[in-house]
Amino acid sequence: MSDIAQQVRRRRTFAIISHPDAGKTTLTEKLLLFSGAINIAGSVKARKAARHATSDWMEIEKQRGISVASSVMQMEYRDCVINLLDTPGHQDFSEDTYRVLTAVDAALMVIDAGNGVEPQTRRLLQVCRARNTPILTFVNKMDREVKAPLDLMDEIERELGMTVVPFTWPVGMGKTFRGVYDRREDQMRVFAAGEDRRGGDEEVLAGLDNPESAQRFGMEWGPAKDELELVEGASPAFDKEAFLNGQQTPMLFGSAVNNFGVREVLDALVDLAPQPGAKAAIQRVVEPTEPKFSGVVFKIQANMDPAHRDRIAFVRCASGHFERGMRLKVVRSGKELRPNTVVSFLSQRRELLDEAFAGDIIGIPNHGVLQLGDTLTEGEALQFTGLPFFAPEIIRSVEVADPLKTKQLRAGLTQLGEEGAIQVFRPIAGTVLLLGAVGQLQFEVVAHRLEHEYGVKARITGSSYNVARWVTCAPEDGGEQELKRFMDANAHRVALDAVDAPTVLLDHMATLRAVEGNWPKIKFHAMREHAGLVFHKGV
């Protein structure tokens, strides 16, 4: 086996997804803790303490105790290199999450045992299902009064349309939570409330008929044993093929805040999550074990280090062997890059890295050379597909409070637009910039970042627009000439986005339907892919 193939076999790249407050960021911390990547876990809620969650690096996240940006962490566990992407839980940042899910091979879904399946979980699951992403399920907060495990299992199967296979089963809950029974190992792991550091060895009792378990946990042991016997008869056996196709999910119970059930999650990820697979480009399918390097930019983050005004492109390595200083071609522009300060991440902590393989996430500092969706190769003209942008649901005007800072406002918004934090539209007739977003919180974050990262106080106010659609025209229908005719006739409501894609902005869906009727040769798109500006029809 080649060295590249061996390295690819060691990689596991996954995203953590959940509804807000299900405990996703806490679990991320504990996975880092148990892999040995950090020695002490930062509490998400302890906002006044000097310590914050490793995966929450943005100032506004530390103030609010929520994740609004995706972060990337790499760790080693059991001779595997694990690339973990923590996604924003808040629904207003679903676009960022969607793009992150294009860069992973599996997802870990965190469910709050008290609330069950919540709206954002459903939305994220739809994205995973559309891509057939394998999903592991972690049912968190078992140390609280929560829903019955059998009810949770039914709810997940019904709501998410997947078969659930319990790998562990809880004994008790809340104040009487005694631990989980590991069905694969046929043993009971006894619960002990953990700290923010890893404890010693956990207590384990072997076998379902162990008299010591019955003696110690009588009140809770009987019902749990009955449920386990019921689950044994009613649940299907774990089917790796069904799991890899996103039709079956292994389910594990625990309490991340107490370090309980975390090691089992790590073991399941290493044992079950797939190694990096082939990636589709417009030209051909790229295999991860190919000798030549290729990768795709799925995220851009400005000002991760405010002291250096940096701008980092997150690249998912798709094939080959990356080496620091190697010559790379940006396929879109034809420009050459020789990145010497490439970094791997432990959230905001970075390390210079010398090499990477398919599945790894690397960070390339750059000043505007790389855009979302860019493909990097050693020379071959490849264009990876699948990085989506959605038509915004809310459109606002933005002006600067101090007219002398107009230039800084435009520079800041250009960077934030390229990053995908917000969509920025420049009307072809008019000077007031327009912002588009999925949800209100995006505007608040952008205003906060403009003030704290660019020194600009912005006024974000309402606009008369509620609908946006990208517009194109096929060559057989008149192509660029017909598109120009449309733009000239609608100059008062056409704008250009971050990549100069023309967009029509309208007040109502009824107006859109009328415009579509008047311009039958123009196509109106609710989604575009950055790659080669591939557009998708949809209203």
Side-chain angles (χ1 to χ4, degrees), residues 8-9 11-19 22 24 27-28 31 70-73 80-89 91 93-111 117-139 156-157 159-165 167 238-252 265-266 268-281 285-288 295-296 298-299 314 316-318 358-361 373 384-388 390 527 529 531:
V8 170
R9 281 185 69 178
R11 263 62 188 175
R12 304 287 185 275
T13 304
F14 74 98
I16 297 195
I17 60 174
S18 81
H19 193 84
K24 174 174 57 65
L27 179 61
T28 302
L31 291 170
S70 307
S71 51
V72 179
M73 287 142 278
C80 277
V81 177
I82 297 174
N83 294 285
L84 184 163
L85 286 79
D86 178 20
T87 62
Q91 65 185 42
F93 297 87
S94 52
E95 204 170 355
D96 194 23
T97 303
Y98 202 125
R99 287 195 283 266
V100 164
L101 289 170
T102 67
V104 298
D105 305 307
L108 174 60
M109 176 172 67
V110 185
I111 286 184
V117 178
E118 297 176 87
Q120 182 66 355
T121 320
R122 286 189 203 97
R123 259 192 292 271
L124 293 168
L125 249 293
Q126 286 166 0
V127 176
C128 292
R129 297 300 297 279
R131 305 180 60 81
N132 292 333
T133 306
I135 293 157
L136 293 104
T137 300
F138 179 67
V139 180
I156 292 168
E157 290 200 330
E159 291 272 356
L160 306 179
M162 304 168 84
T163 310
V164 172
V165 182
F167 274 34
F238 175 67
D239 179 339
K240 184 125 192 204
E241 203 56 42
F243 163 68
L244 292 175
N245 291 329
Q247 295 159 348
Q248 195 184 73
T249 178
M251 178 158 129
L252 300 106
V265 170
L266 265 176
L269 280 164
V270 166
D271 295 341
L272 306 178
Q275 65 186 49
K279 195 156 177 56
V285 173
V286 177
E287 295 295 334
V296 61
F298 68 92
K299 174 180 170 59
F314 290 71
R316 155 74 192 232
C317 302
D360 285 341
I361 309 294
F384 289 115
T385 60
L387 202 74
F390 301 99
M527 178 180 134
E529 279 187 20

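- Considering all non-hydrogen atoms of both residues, Thr137 and Met109 come closest at OG1-CE, 3.2 Å.
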*What's the verdict on side-chain contact (heavy atoms from CB on, under 4.5 Å) for Leu272 and Phe167, showing C-alpha distance, side-chain angles and the deciding distance?*
CA-CA 12 Å; Leu272 306 178; Phe167 274 34; 3.7 Å; yes

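- Ala281 and Val286 make their closest contact through CB-CG2, 4.5 Å (heavy atoms, listed as atom of the first residue, atom of the second, distance).
- To the nearest 0.5 Å, atom CD1 of residue Ile82 and atom CZ of residue Phe14 are 6.0 Å apart.
- Looking only at distances, a side-chain donor or acceptor of Arg12 sits under 3.5 Å from a matching main-chain atom of Ala273.
- Taking both residues in full, the closest heavy atoms of Ala103 and Ile361 are given as O-CD1, 4.3 Å, listed atom of the first, atom of the second, then distance.
- Closest of all the heavy-atom pairs between Ala106 and Pro274 is CB-CD, 4.1 Å.
- To the nearest 0.5 Å, atoms CE (Met73) and OG1 (Thr28) are separated by 5.5 Å.
- Here the straight-line distance linking atom CG of Leu108 with atom CD1 of Ile16 works out to 5.0 Å at 0.5 Å rounding.
- Rounding to the nearest 0.5 angstrom, the gap separating the CG atom in Leu101 from the CD1 atom in Ile17 is 6.0 Å.
- Here the CZ-CG distance, from Arg316 to Asp105, works out to 4.0 Å after rounding to the nearest 0.5 Å.
- Nearest heavy atom pair, residue Val285 against residue Ala278, reads CG1-CB, 3.6 Å.
- Expressed to the nearest 0.5 Å, how far CG of Leu85 lies from OG1 of Thr13 amounts to 7.5 Å.
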*asked:* Could you go through Asp360 and Arg11, starting from their C-alpha distance and side-chain angles, then the distance that decides it, and tell me whether this counts as side-chain contact (heavy atoms from CB on, under 4.5 Å)?
replied: CA-CA 7 Å; Asp360 285 341; Arg11 263 62 188 175; 2.9 Å; yes

Please set out all donor-acceptor pairs under 3.5 angstrom arising from side-chain atoms of residues 241-248, sequence neighbours excluded.
from	atom 1	to	atom 2	distance (Å)
Asn245	ND2	Glu241	O	3.2
Gln248	OE1	Asp239	N	2.8
Gln248	NE2	Ala237	O	3.4

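- Pairing each heavy atom of Glu157 with each of Val164, the nearest pair is OE2-N, 2.8 Å.
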